[in-house]
2 protein chains.
Amino acid sequence: MFESDKPHIDNSRCDRCAVRDRTVCAVAHLAAENELARVSRTRRVPAGETILAENAEASIVGNVLAGVLRMTKTLPDGREQIVGLINPGEFFGRPYSETVEFAYEAATDVELCVMDRRSFEAVVARNPELEHELLLTTLDDLAFARERMLLLGCQNTLERVATYLLVMLEHREQLFADVALQEHKRVAVSAITRRDLASYLSTTIETISRHIHHLSRIGVIRIIDSSRFEVLAYEMLLALSGLAREDLRLFRKAPLFGRGPRLVALNGIIQSRQTPVLTSVKTRSSRIGHF
Amino acid sequence: MFESDKPHIDNSRCDRCAVRDRTVCAVAHLAAENELARVSRTRRVPAGETILAENAEASIVGNVLAGVLRMTKTLPDGREQIVGLINPGEFFGRPYSETVEFAYEAATDVELCVMDRRSFEAVVARNPELEHELLLTTLDDLAFARERMLLLGCQNTLERVATYLLVMLEHREQLFADVALQEHKRVAVSAITRRDLASYLSTTIETISRHIHHLSRIGVIRIIDSSRFEVLAYEMLLALSGLAREDLRLFRKAPLFGRGPRLVALNGIIQSRQTPVLTSVKTRSSRIGHF
DNA sequence: GCCGCGATTTGATGCGCATCAACTGGAGTG
DNA sequence: CACTCCAGTTGATGCGCATCAAATCGCGGC
């Protein structure tokens, strides 16, 4: 356990991790980082596969490295609702519970960083900064989930489609936060299938198709292909979503962006290979004292 | 700060707290308990009053001692959704954020235990067992929120009403967990107005009225008065809700119930005037050690 | 280049439930 | 005791969207 051989190899895997700065790992102290590396392994899962079945044992947790996971819940008669999508850099699984309340499935081909749940919990118990980070992301997820209740409860299907496009755009804007190329920021990209989108927005593929083409016809968007849409009239789209501008704030899901002074100047782009030395140092020095 | 005068008085207030064993405070070590007592105060708020407005500064957090809070979100055109109800013993507010994403309002006359948010955060930072408990309840809330997405996205209005009755029943059964009187367990009690219920279930008071009377006509429930319903055919109600039996597990919201061995036999009833002496003792001796 | 199959689009129809409106009943008031 | 007033009930109507059905597109395989 305490040999410095295997861990070191694992840690180098983390050094090459594409989403390291966006995951819960980003706040881990050196010791915690090593512990996490020791209990984690990467795993590829093709689209459609189930990672954790509904009500199954909550055996593992982890981070999404690439691709998208869907969390679903199915009624006895077969009706299904996607209750959440999990993007690269985001945490998945159900800590501190024997079973998972929802199914976790690969919505696209995915690459995961997987950990045994109990091992993860043990690492968290020894590293308060991890527990704190987990709490922060869970609180954000909760606010996001409640925002989606508003979507499902109050917004009509056109407003839901408009909102989805705005959210995709928001994600895009964050990815290219410091890139000057404006055209990237105007393109909403949907990584999931139309079927999944329909389930996520609680409507049908036919209705989505109609609304997308309606938005195209009135000049609000341009359909590049079935999964990419250029937004030509942002303000119009916002108006059609029925949302207030400040509500979009909640949709900035990338965990470690825009949340307080922890990562003051995050100049690394997710795909960038630069080692975020300064960022790490800042993170460690600005932590709240636990004991 | 370290004088033992004022704190002692505050602490006695906590000793008389009706919901103490169900709140986050229940896991607090003695030192943390004193710290929480020092920064908290009770406050009564009449039904309809706003405690925290939507997007307002997240100045306070706290626990509900009596009554029900509603969390709402309103669209620019006035459409409103209740995204959560907060019952006695449950935590409210938004830690670790400058603003609240939702409005917190008194759905009934309420009694609150209120704390300055930053003071609360400071106490949590010094007491890891509190942070852990906060994480556990937040994870439960998140699962509950996602379950409600299923309700809003997949279930029709009759199924939503049936589900609500089942949830009320579930709450009741927990309150009277060890009481032999079976009749209490068969009565679903709704503390909120029909208008709030309509918003919570994302439907209208007319539709709720129709379904309630339909359920009464087919003999599934008996209408005692407009807020109390005796469930005559539990299995039928479950079938009409469209849910699987195990889904109800999620609705056991009372934070410290049914989660491990912390509260083995809670025989105190919230509304009862008996002092739950034994309960308090049991709680302290059976609490789990963190760290 | 042709075929076949799934994904998407477009059209026609029906139903669930919101909406509007009228009525009822009980609690509080002068 | 009539009064108002609000919560709840009941009925009539219309609309949004699911559903069913058919056409079209796109793409990999041979």
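Labels below follow one simple rule: chain letters A, B, ... track the order of the sequence lines, proteins then strands, and each chain is numbered from 1.
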N/O donor-acceptor pair under 3.5 Å between A:Ser199 side chain and A:Ile82 backbone
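Looks like yes, one N/O pair under 3.5 Å.
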
Would one find a side-chain N or O of A:Thr203 under 4.0 angstrom from OP1 or OP2 of D:dA18?
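For D:dA18, OP1/OP2 do have a side-chain N/O of A:Thr203 under 4.0 Å.
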
Near DNA chain C, counting only heavy atoms under 4.0 Å, which residues of residues 68-79 of chain A show up?
none

Where along residues 148-166 of chain A does a heavy atom fall under 4.0 Å from DNA chain C?
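Per residue number, the list is empty: none.
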
Reading nucleotides 8-14 of chain C from 5' to 3' and marking B where a protein heavy atom lies under 4.0 Å of the base, S where only the sugar-phosphate is that close, and - otherwise, the string is SSBBB--

Should [X] and [Y] count as side-chain neighbours, where that means a heavy-atom distance under 4.5 Å?
| X | Y | answer |
| --- | --- | --- |
| B:Thr157 | B:Leu201 | no |
| B:Arg44 | B:Asp109 | no |
| B:Phe91 | B:Asp141 | no |

How long is the gap from [atom1] on [X] to [atom2] on [Y], to the nearest 0.5 Å?
| X | Y | atom1 | atom2 | value |
| --- | --- | --- | --- | --- |
| B:Glu246 | A:Glu54 | CD | CD | 8.0 Å |
| B:Leu243 | A:Leu75 | CG | CG | 6.0 Å |
| B:Leu165 | B:Ile221 | CG | CD1 | 5.5 Å |

B:Ser227 near the nucleic acid: base, sugar-phosphate alone, or nothing, with a heavy-atom cut-off under 4.0 Å?
nothing

Five pairs per end, C1' atoms only: what is the angle between the end axes of the helix from C:dG1-D:dC30 to C:dA27-D:dT4, to 10 degrees?
30°

Please table the atom pairs, donor to acceptor, closer than 3.5 Å between any side-chain atom in residues 64-72 of chain A and protein atoms at least two apart or in another chain.
unit_1: A:Arg70; atom_1: NE; unit_2: A:Glu105; atom_2: OE1; d: 2.6
unit_1: A:Arg70; atom_1: NH1; unit_2: A:Asp196; atom_2: OD1; d: 3.2
unit_1: A:Arg70; atom_1: NH1; unit_2: A:Asp196; atom_2: OD2; d: 2.9
unit_1: A:Arg70; atom_1: NH2; unit_2: A:Glu105; atom_2: OE1; d: 3.2

Can you list everything that forms a salt bridge (Lys or Arg N to Asp or Glu O under 4.0 Å) with [X]? Sequence neighbours excluded, please.
| X | answer |
| --- | --- |
| B:Arg245 | B:Glu235 |
| A:Glu159 | B:Arg79 |
| A:Arg41 | none |
| A:Arg194 | none |

Quick one: which protein N/O atoms are closer than 3.5 Å to N/O atoms of nucleotides 22-29 of chain D? Pair and distance per line, please.
none

By the salt bridge (Lys or Arg N to Asp or Glu O under 4.0 Å) test, which pairs, at least two apart or in different chains, include something from residues 200-223 of chain A?
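Of all non-adjacent pairs touching residues 200-223 of chain A, those that pass salt bridge (Lys or Arg N to Asp or Glu O under 4.0 Å) are A:Arg222-A:Glu230.
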
Return the value, rounded to whole Å, for the distance between atom NE2 of A:His214 and atom C1' of D:dC17.
15 Å

Just how far, in rounded Å, is P of D:dT9 from NE2 of B:His211?
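After rounding, the reported distance stands at 13 Å.
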
Can you label the angle between the B:Tyr164 ring and the B:Tyr200 ring as parallel, tilted or perpendicular, going by 30° and 60°?
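If you compare the ring of B:Tyr164 with that of B:Tyr200, the planes turn out perpendicular.
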
Partners meeting side-chain hydrogen bond (donor to acceptor under 3.5 Å, both in side chains) with B:Thr163 (sequence neighbours left out)
B:Gln155

